[in-house]
Amino acid sequence: MPSTLPRGENLHVAVIMDGNGRWATRRGLPRPAGHRAGVAALRRIIAAAPALGIATLSVFAFSGDNWQRPAAEVDALMWLMRAYLRAATKELVEAGVRLCVIGRRDRMPGPLIDEIARGEAATAGGDRLHLRIALDYSSREAIACAAVRCATSLPPSLDLVGRLIADSLADDSTVGEVDLLIRTGGEKRLSDFLLWECAYAELWFSDVMWPDFDAEALRGAIADFHRRERRFGGLPPGALALGAAE
Ligand code: IPE
Ligand code: IPE
Ligand code: MG
């Protein structure tokens, strides 16, 4: 039985979609077959997200460090991402999804860069889900770039520097910090994804390989998120009342 969930939330959920390679290897398949199955999982998750109160979905598809992989795997990934964008743009528009790709654009193949620009332009009017796909993305590099940008504006206070960096990292002003970070594939690390934005994210790790992740698994993660008590360095409301009475 699916659990019932509170509605009307504007959650920012980030996902490190890990485990494609192992999923394929365990089936005696080449690693790119796992990446292909991973794309299918992504499509399922995008379709399920709005009904679960997710307003912004940031997914890690290719890291700056993934260039170290064998050329054949990198090529397969670049080809797959281009094919995905070309095939999915129509369904994204119909579903009201606004696509933004975050990360570097100068190292990817030209046809993929063009496809990204087409996808972003075609989906610009989407208002049900803001989908951020991280491609050739490194959080440390993004923070360093943001710091360089704000160093030129002679900020008068530490607080302002923090705000300028946060604004510079977000692709637009509607993107807030991450509420929930999901990582599949069994590893418990961030691998250079959204380090600044995850400062107070709830973390949820799953041993499920990404190609096997589905809407029900996402629902489970969100249900668990709603049972967490977020304190942001303060005290829970009950403790505050108790302290005041003492
Ligand atoms: C995640 O799956 C996708 C990318 C990093 C591009 P992996 O390819 O890292 O899969 P595993 O971790 O080797 O199983
Ligand atoms: C993180 O997974 C990057 C993506 C999911 C795109 P990796 O498989 O590259 O991370 P590590 O190497 O296990 O830290
Ligand atoms: Mg991996």
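Along the sequence shown, the residues carry numbers beginning at 1. Order of listing sets the numbers, starting from 1, for every ligand and every atom in it. As the structure is a computational prediction, the values presented were derived from the model and not from experiment.
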Sidechain N-carboxylate O distance under 4.0 Å for Asp114, Arg118 | no

Heavy-atom nearest neighbour in the protein, as seen from atom 13 (O) of ligand 1, with distance rounded to 0.1 Å | Arg31 NH2, 3.0 Å

Short check: is a protein heavy atom less than 4.0 Å from atom 10 (O) of ligand 2?
-> yes

Counting heavy atoms only, which part of Ala61 comes closer than 4.0 Å to ligand 1: side chain, backbone, both or neither?
-> backbone

Pairing of Arg105 and Glu120 as salt bridge, 4.0 angstrom limit | yes

Heavy-atom closest pair, residues Arg231 and Pro236 | CD-CD, 3.4 Å

What is the closest protein heavy atom to atom 12 (O) of ligand 2, and at what distance does it sit?
-> Arg189 NH2, 4.5 Å

Hey, any chance Ile143 and Leu181 share a hydrophobic cluster, counting ILVMFWY side chains that come within less than 4.5 Å of each other, even indirectly?
-> yes

Within reach of ligand 1, part of Met209 (heavy-atom separation under 4.0 Å) = neither

Indicate, as side chain, backbone, both or neither, the part of Arg183 found under 4.0 angstrom from ligand 2 when only non-hydrogen atoms are considered.
-> side chain

Scan the side chains in residues 30-52 for donor-acceptor partners under 3.5 Å anywhere in the protein, sequence neighbours excluded, and list what turns up.
unit_1 : atom_1 : unit_2 : atom_2 : d
Arg31  : NE     : Glu73  : OE1    : 2.8
Arg31  : NE     : Glu73  : OE2    : 3.3
Arg31  : NH2    : Glu73  : OE2    : 3.2
His35  : ND1    : Asn20  : ND2    : 3.1
His35  : NE2    : Glu73  : OE2    : 2.8
Arg43  : NE     : Glu91  : OE2    : 2.9
Arg43  : NH2    : Glu91  : OE1    : 3.2
Arg44  : NH2    : Pro211 : O      : 2.9
Arg44  : NH2    : Phe213 : O      : 2.8

Hey, is Met17 touching ligand 1 through its side chain, its backbone, both or neither, going by heavy atoms under 4.0 Å?
-> backbone

Reported CD1-to-CD1 distance for the pair Ile222 and Ile54, which is rounded to 0.5 angstrom = 4.0 Å

Within the 4.0 Å heavy-atom cut-off, what Arg69 brings close to ligand 2 is side chain

Contacts of the Mg ion (ligand 3) with protein N/O/S atoms, counting only those under 2.8 Å = Asp18 OD1

Is any side-chain heavy atom of Arg132 less than 4.5 Å from a side-chain heavy atom of Val175?
-> yes

Determine, using heavy atoms of His35 and all atoms of ligand 1, whether some pair is separated by less than 4.0 Å.
-> yes

What are the two closest non-hydrogen atoms of Trp23 and Asp212, and how far apart are they?
-> NE1-OD1, 3.0 Å

N/O separation below 3.5 Å, Trp23 to ligand 1 = no

What is the closest protein heavy atom to atom 14 (O) of ligand 2, and at what distance does it sit?
-> Ser191 OG, 2.6 Å

Considering distance alone, does some N or O of Asp18 sit under 3.5 Å from an N or O of ligand 1?
-> yes

dist Arg98:CZ -> Asp127:CG (nearest 0.5 Å) comes out at 9.5 Å

Using the test side chain to side chain contact (heavy atoms under 4.5 Å, CB included), find all partners of Thr123 that sit at least two apart in sequence or belong to another chain.
-> Thr89, Leu92, Val93, Leu99

Heavy-atom contacts with Phe62 under 4.0 Å: which atoms of ligand 2 show up? List them by number with element.
-> 6 (C)

Min heavy-atom dist Gly185 to ligand 1 below 4.0 Å | no

At under 4.0 Å between heavy atoms, which part of Asn66 makes contact with ligand 2: side chain, backbone, both or neither?
-> side chain

Please collect all ring pair (Phe, Tyr, Trp, His ring centres under 6.0 Å) contacts where either partner lies in residues 86-117, sequence neighbours excluded, each pair once.
-> none

Contacting atoms of ligand 1, where contact means under 4.0 angstrom from a heavy atom of Arg22 = 11 (P), 12 (O), 14 (O)

Measure up the Trp67 and Phe62 rings against each other and bin them: parallel (under 30°), tilted (30 to 60°), perpendicular (over 60°).
-> perpendicular

Which one of Tyr137, Phe193, Phe60 has a non-hydrogen atom at the shortest distance from atom 6 (C) of ligand 2?
-> Phe60

Decide, yes or no, whether a salt bridge links Asp65 with Arg69 under the criterion of side-chain N to carboxylate O below 4.0 Å.
-> no

Flag side-chain contact, heavy atom, 4.5 Å: Leu203 against Phe205 | yes

